[in-house]
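Per chain, numbering begins at 1; letters A, B, ... match sequence-line order. For clarity, every value in this text was computed on a predicted model and none was experimentally measured. Only heavy atoms go into these numbers, but all of them, side chains included; no hydrogens, no water, no symmetry mates.
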Protein chains: 2
Amino acid sequence: MVADQLADEEWDRLFHALSDTTRRDIVLQVMRQGQSISTLARRYDMSFAAVQKHVAVLERAGLVHKERRGREQHVHGAPVVLHKAARLLDSYELIWRHRAQAIDALLAEEET
Amino acid sequence: MVADQLADEEWDRLFHALSDTTRRDIVLQVMRQGQSISTLARRYDMSFAAVQKHVAVLERAGLVHKERRGREQHVHGAPVVLHKAARLLDSYELIWRHRAQAIDALLAEEET
DNA sequence: CTGATCTGCAACCACAAGGTTGTACGTTAG
DNA sequence: CTAACGTACAACCTTGTGGTTGCAGATCAG
């Protein structure tokens, strides 16, 4: 559990990668089905190079993987990192609930 | 469930707010216990104004709330948005698992 | 009142982000 | 072989981000 934590810069890259609507949509697309970069690029109203950059950002964040298939580059999802991010946010939320629980306990004790 | 979805720009702001180590730490701190901006600022090796900006980013993302307490500004956590973010990431992961399930089903059918 | 403290905001700066176009290279189709 | 396609990468521009300093306005202590 502790071992699958990421370094600060890795979390930075991960959340930064998710902070763009186009990139989140790319993640959705390749989670549903792996696609080539050019196939992806056709979906968006921007240049091929721009989409290529978005994929590179996602790859550096560990959210997708690329794999050569002849002259194409097949992009597919990597759900592991996604899972880690969700669990980190859960842990933040949990801290809140622990604290709320502690306050409740304190109030209950004061009433005795 | 559909009603508590956010707009694209809101998700952008949310994940962007989380994409900085200092800001994630501020979230942790104020989830544990609400604090004034100056108290927070003492924890980090940067100017008061910088911390103030970070808090502003978190506030625009809906991750924290500010509340005047005399001359101080009390910052406390807002776990609702955190929860939404975690569930969005879960839904992305779920798409992957649905797809994996469909592939398994397809393979099982081919074997008959 | 006076002075210290907490905050808000504007101006400024260096650098990274997100987009463009252009060029080059490997691969497949005919 | 040649042409078309998919990709990679560099140069460039504009905008935004993260930091600074400095100043002004509230508020509390004495």
Side-chain angles (χ1 to χ4, degrees), chain A residues 7-30 33-78, chain B residues 7-30 33-78:
Chain A
D8 283 346
E9 316 82 53
E10 292 174 309
W11 288 119
D12 288 1
R13 278 198 291 273
L14 175 50
F15 286 113
H16 172 249
L18 290 169
S19 72
D20 182 278
T21 305
T22 303
R23 282 197 292 263
R24 283 195 304 278
D25 194 69
I26 292 178
V27 169
L28 267 181
Q29 297 304 324
V30 301
Q33 182 173 14
Q35 300 177 43
S36 73
I37 301 183
S38 51
T39 308
L40 278 171
R42 271 178 233 118
R43 302 186 64 93
Y44 308 103
D45 189 23
M46 63 183 74
S47 69
F48 173 84
V51 175
Q52 203 179 0
K53 279 192 184 181
H54 281 308
V55 172
V57 170
L58 290 170
E59 196 186 18
R60 261 179 269 126
L63 283 164
V64 305
H65 290 151
K66 287 196 295 186
E67 193 185 352
R68 271 235 167 262
R69 297 240 177 130
R71 70 176 163 184
E72 291 189 349
Q73 194 82 259
H74 202 70
V75 184
H76 62 273
Chain B
D8 283 345
E9 316 82 54
E10 293 174 308
W11 288 119
D12 289 0
R13 278 197 291 273
L14 175 50
F15 286 113
H16 172 249
L18 290 170
S19 73
D20 182 277
T21 305
T22 304
R23 283 197 292 263
R24 282 195 306 277
D25 194 70
I26 292 179
V27 169
L28 266 181
Q29 297 303 325
V30 301
Q33 182 174 15
Q35 300 177 44
S36 71
I37 300 183
S38 50
T39 308
L40 279 172
R42 269 178 237 121
R43 301 186 65 92
Y44 308 103
D45 189 24
M46 63 184 75
S47 69
F48 173 85
V51 175
Q52 204 179 1
K53 279 193 184 181
H54 282 309
V55 172
V57 170
L58 290 170
E59 196 186 18
R60 261 180 270 126
L63 283 164
V64 305
H65 289 151
K66 287 196 296 187
E67 192 185 354
R68 270 236 166 261
R69 294 242 177 128
R71 69 177 164 181
E72 290 188 350
Q73 195 82 261
H74 202 71
V75 184
H76 61 274

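Take the nearest nucleotide of DNA chain D for M46(B) and for E72(A): the residue whose nucleotide is more 5' is E72(A). Of the residues near DNA chain C, A49(A) and K66(B), the one whose nearest nucleotide (by heavy atom distance) lies more toward the 5' end is K66(B).
The nucleotide whose nearest atom lies closest to any side-chain atom of F48(A) is, among dG18(C), dT7(D), dT7(C), dT7(D). Closest to the R71(A) side chain, of the nucleotides dG19(C), dT27(C), dC6(C), is dT27(C). Among the nucleotides dT7(C), dA11(D), dT7(D), the one closest to any side-chain atom of S36(A) is dT7(D).
Within the 4.0 Å cut-off from OP1 or OP2 of dT20(C), at least one side-chain nitrogen or oxygen of S47(A) is found. For the pair Q73(A) and dT7(D), the criterion of a side-chain N or O lying under 4.0 Å from OP1 or OP2 is not met. Neither OP1 nor OP2 of dT7(C) sits under 4.0 Å from any side-chain N or O of Q52(B). For the pair H54(A) and dA17(C), the criterion of a side-chain N or O lying under 4.0 Å from OP1 or OP2 is not met. OP1 or OP2 of dG18(D) has not a single side-chain nitrogen or oxygen of H16(A) nearer than 4.0 Å. Between R23(A) and dA17(C) there is no side-chain polar atom (N or O) within less than 4.0 angstrom of OP1 or OP2. In terms of phosphate contacts, S38(A) brings a side-chain nitrogen or oxygen within less than 4.0 Å of OP1 or OP2 of dT7(D).
In this structure, the side chain of E10(A) engages the main chain of A7(A) through a donor-acceptor pair within 3.5 Å. At distances below 3.5 Å, at least one donor-acceptor pair connects side-chain atoms of R24(A) with backbone N or O atoms of D8(B). Checking side-chain atoms of R60(B) against main-chain N and O of V55(B) turns up no donor-acceptor pair under 3.5 Å.
In this structure, D20(A) atom CG and dG18(C) atom C1' are separated by 8 Å, rounded to whole Å. Between the CZ atom of R68(A) and the C1' atom of dT7(D) there is a distance of 6 Å, rounded to whole Å.
By the 4.5 Å heavy-atom criterion applied to side chains, R23(B) and K53(B) are not counted as neighbours.
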